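Below you'll find the structure, written out as structure tokens, and then a few comments.
This is a predicted model, so every value here is computed, not measured. Each ligand, and each atom within it, is numbered from 1 in the order the structure gives. FYI, the numbering just counts along the sequence from 1.
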Amino acid sequence: MCGIVGYIGYRSAIDVLLNGLTKLEYRGYDSSGIALHNGKHIDTYKAVGKLSNLKDIINPIKSELDKSTVGIGHIRWATHGAPTTINAHPHTCNCGKLVLVHNGIIENYQELKEKLEKEGCVFKSQTDTETVAHLIAKEYGKLHNLTEAVRVATEKIEGAYALCVMHQDEPDTIVATKRNAPLVVGIGENEFVVASDVPAIIDYTNKAMYLEDNQIVTLTKNSMKLIDKDNHELKGKIEVLPWEPVALSKMGYKHFMMKEIHEQPSIIRNLLSGKITGLNEPLNLSEVKLDKDAVKDLNRIQIVACGTSLHAAMVAKYIIEDFCNIAVDVEPSSEYIYRKTVTDKNTLVIGVSQSGETADTITAVRQSKEKGSHILIITNRPDSTMARYADSLISVCAGIEVSVAATKSYMAQLVAFYLLAIYIAEIKNSADKELLKRLKKELIVLPEKAEEILSQETPIKKIAHKYANSKNFIYIARGINFPTALEGALKLKEISYINATGYTAGELKHGPIAMLDETLPVLSIMMKGKVYDKILSNSEEAKARNAKMIALTNVTDDNLKDLFDDIITIPETDEYLSPILAIIPLQLIAYYIAEFLGKDVDQPRNLAKSVTVE
Ligand code: AGP
């Protein structure tokens with residue numbers, strides 16, 4: 001987590017840094033800070049909470065700061081030390097001459113800190129980062145060269161970092177380096193912007209160089225020098241980014257989350273375009289680089305992901321096993337990386353991630369790659385760290401997702417998985433041809449059905465408001481919509497802070513049913529298909545314990561009115577495809593409850609969009 005940005009050039013650094021931090025705010029918003037070199041000394045400004053708090057401090061004095069053309073900035077998601085002003089970056093050494101910003105975690109910071117304290121360093125913060133400031137300053141005292149000091153000091157560090165460093169005595173220099181955390185240098189005419197992610201640089205240049213681990217770049221206004229950890233000069237790979245400056249607009253919606261929910265129909269359309277060319281034509285998924293024989297030989301698929309992406313992967317398990325007859329394991333990346341996993345040359349490992357920067361999933365993918373598995377990455381960020389490990393890459397092209405609560409990226413991941421499952425099934429000839437034809441036909445009309453749901457929000461909003469003050473919520477489903485229940489509950493938890501849990505409906509009676517009473521809403525996801533009647537019975541069991549019952553269904557049945565207090569009806573579709581439509585009302589319920597409760601919908605407390613620490 002955390003975002004860092006540095007600027008050196010001819011513009012007012014404060015403008016570039018604040019703009020950059022605005023674009024990086026998805027990486028954390030516990031506190032923020034900026035350091036500016038004014039040619040003589042370095043001034044730092046910090047604020048706890050959202051970036052707007054830092055802007056409030058800076059705006060009244062901005063005209064005085066505008067002349068600085070060198071600076072670094074940071075947006076924080078707290079790991080070590082509470083979100084306080086003292087713990088906010090930039091951090092400095094004891095003499096205050098060296099300042100730095102950091103994204104990542106220094107794993108051996110305790111050991112380094114003890115040593116530095118013995119040598120006389122006085123620590124002001126509780127962060128791991130401050131250790132690095134003291135460490136580099138110590139080396140600078142001996143070497144009097146910032147690049148060298150950074151190079152020698154970082155050899156002593158264990159863990160993950162992206163760093164931007166300035167020193168008072170080198171007013172025309174920013175040194176940046178990274179290990180296991182992203183960092184990209186934007187290269188302009190007589191200016192450089194270095195940042196954790198492209199949106200912070202793209203307003204100034206589309207020429208960029210991604211730093212590799214342990215590389216160190218030294219930037220002045222008109223030069224860039226790249227070295228490796230052994231001080232060998234390198235020629236960096238400069239790329240032209242396929243990006244346009246991104247205007248992060250809500251397009252008239254109150255929140256980005258609502259805008260993103262409404263983008264879903266067109267995202268489905270875009271993803272299908274060029275893939276399904278005819279019902280009798282094989283699905284085209286040229287992104288998969290396994291040859292047909294290798295696809296036929298697949299004996300196992302392991303999918304690693306976190307959070308919402310994990311829920312998309314869980315849906316994938318149902319369809320891939322059913323259509324392709326291949327065993328699929330789905331596992332949270334954070335668990336996968338700490339145990340022995342059994343793979344062989346016929347195992348396909350799929351990493352799923354909106355951001356492509358989730359540390360746990362990157363580690364899982366890296367481990368699998370080292371073991372020789374073919375790596376397929378499904379991501380919304382084809383330029384991400386994770387994408388660089390891909391043998392096959394499916395870019396879901398959902399556009400920048402600003403809201404911390406993922407919605408449209410989930411939809412895009414689901415669609416990508418349906419395409420993949422059908423693609424493999426066709427090559428393996430492992431599914432009923434009529435079924436695959438039917439699914440392709442139905443996929444094409446799903447965007448319209450999604451639009452229909454979104455055009456009938458009012459009853460969903462009413463239901464959301466009715467239950468907004470509930471302290472707990474239960475979502476139940478069976479089969480392929482069990483992940484829908486988990487995802488609906490996650491959405492509610494993360495933006496409204498209501499304790500919501502998803503259960504397989506059959507498990508309710510094995511424990512959770514004890515919680516039910518007249519204060520607890522139970523939302524049953526009941527799509528037409530083989531488990532419909534089963535969920536109906538499970539819902540009866542919940543009703544008998546006086547729970548408040550809400551149905552989300554695509555079946556029109558007057559009898560449901562006796563069982564359910566409220567009913568949300570969505571268009572009918574094939575049971576296999578029903579997760580695509582069923583999630584939309586659940587996203588809306590979460591949104592309307594959070595909005596009703598006055599929560600910060602787009603930036604919920606304690607969260608960050610990209611979880612770049614393990
Ligand atoms: C989703 O609403 C969450 N904010 C979170 O669970 C997220 O899905 C998870 O951190 C994984 O992120 P990724 O898809 O970028 O890897």
Side-chain angles (χ1 to χ4, degrees), residues 1-3 24-29 77 181-182 196-197 199 255-258 260-261 264 303-316 330-337 350-366 376-390 394-414 416-417 483-484 486-497 500 502 583-584 586-591 594 599-614:
M1 346 279 264
C2 302
L24 297 177
E25 207 175 5
Y26 73 89
R27 302 176 73 91
Y29 35 80
W77 184 85
S196 301
D197 197 2
H255 296 101
F256 280 106
M257 181 177 177
M258 198 45 141
E260 289 160 4
I261 290 173
Q264 294 180 114
I303 316 183
V304 286
C306 301
T308 289
S309 299
L310 182 71
H311 297 152
M314 290 171 75
V315 173
V330 177
E331 196 164 345
S333 317
S334 52
E335 292 300 314
Y336 183 90
I337 58 183
I350 306 180
V352 196
S353 173
Q354 187 285 129
S355 62
E357 298 295 348
T358 299
D360 289 319
T361 310
I362 290 175
T363 306
V365 162
R366 191 190 307 126
L376 167 61
I377 299 295
I378 298 179
T379 182
N380 196 26
R381 293 294 304 272
D383 56 335
S384 61
T385 306
M386 208 178 298
R388 286 160 196 264
Y389 289 100
I394 299 182
S395 171
V396 298
C397 305
I400 294 267
E401 191 174 57
V402 177
S403 165
V404 167
T407 53
K408 63 176 181 172
S409 60
Y410 176 70
M411 181 61 75
Q413 289 165 351
L414 284 183
F417 272 125
T484 311
L486 295 178
E487 175 58 11
L490 176 63
K491 286 292 87 83
L492 186 58
K493 268 189 282 222
E494 54 180 347
I495 62 170
S496 73
Y497 321 143
I583 192 58
I584 299 173
L586 302 185
Q587 295 167 339
L588 291 170
I589 285 179
Y591 174 83
K599 304 296 184 201
D600 190 340
V601 170
D602 286 331
Q603 293 186 331
R605 70 183 183 200
N606 302 340
L607 296 179
K609 182 86 184 143
S610 271
V611 184
T612 58
V613 291
E614 283 181 11

Top protein contact for [atom], by heavy-atom distance:
atom                    : answer
atom 9 (C) of ligand 1  : C306 O, 3.7 Å
atom 3 (C) of ligand 1  : E494 OE1, 3.4 Å
atom 12 (O) of ligand 1 : T358 OG1, 3.4 Å
atom 15 (O) of ligand 1 : S355 OG, 2.7 Å
atom 4 (N) of ligand 1  : V404 O, 2.9 Å

Worksheet entry | From T308 atom OG1 to M411 atom CE, the distance as rounded to the nearest 0.5 Å |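 If we round to the nearest 0.5 Å, T308:OG1 and M411:CE are 12.0 Å apart.
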Ligand 1 atoms in contact with [X] (distance to a heavy atom under 4.0 Å):
X    : result
K491 : 1 (C), 2 (O)
A406 : 1 (C), 2 (O)
S353 : 13 (P), 14 (O), 15 (O), 16 (O)
V611 : 10 (O)
S309 : 8 (O), 13 (P), 14 (O)

Practice prompt. Kindly identify the option in T308, T361, I362 whose heavy atom sits closest to atom 1 (C) of ligand 1.
Written response: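 The option holding the nearest heavy atom is T308.
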Worksheet item: Taking Q264 for the side chain and I261 for the main chain, is one N or O donor matched with an acceptor at less than 3.5 Å?
Response: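 Checked: pair present.
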Fill in: Expected output: side-chain Y29 to main-chain R605 donor-acceptor under 3.5 Å
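A pair under 3.5 Å: no.
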Worksheet item: Would you call A405 a ligand 1 contact, heavy-atom distance under 4.0 Å?
Response: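 True for this residue.
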Do [X] and [Y] have side-chain heavy atoms sitting under 4.5 Å apart?
X    : Y    : answer
I377 : I394 : no
E487 : M314 : no
E331 : L310 : no

Discussion item. Can you confirm, on distance only, whether ligand 1 has an N/O atom lying under 3.5 Å from any N/O atom belonging to G307?
Written reply: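 For ligand 1, there is no N or O atom that lies under 3.5 Å from one belonging to G307.
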Worksheet item: Does any N or O atom in Q354 lie less than 3.5 angstrom from one in ligand 1, N or O only?
Response: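 In this structure, Q354 places an N or O atom under 3.5 Å from an N or O of ligand 1.
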Worksheet item: Can the ring centroids of Y591 and H255 be said to lie less than 6.0 angstrom from one another?
Response: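 Ring centroids of Y591 and H255 are less than 6.0 Å from each other.
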Item to complete: Say whether S610 and E357, considering side chains only, have a donor N or O and an acceptor N or O under 3.5 Å apart.
Response: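 E357 and S610 do not have a side-chain donor-acceptor pair below 3.5 Å.
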Worksheet item: Applying a 4.0 Å heavy-atom criterion (strictly less than), which segment of E357 is in contact with ligand 1: side chain, backbone, both, or neither?
Response: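 None of E357 does.
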Practice prompt. State whether E401 and K609 are salt-bridged, where the test is any N-O pair (Lys NZ or Arg NE/NH1/NH2 against Asp/Glu carboxylate O) under 4.0 Å.
Written response: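 Salt bridge between E401 and K609, a charged N being under 4.0 Å from a carboxylate O: yes.
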Worksheet entry | Residues R388 and D383 bridged, charged N to O under 4.0 Å |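 Between D383 and R388 there is no salt bridge, as every charged N stays at least 4.0 Å from the carboxylate O atoms.
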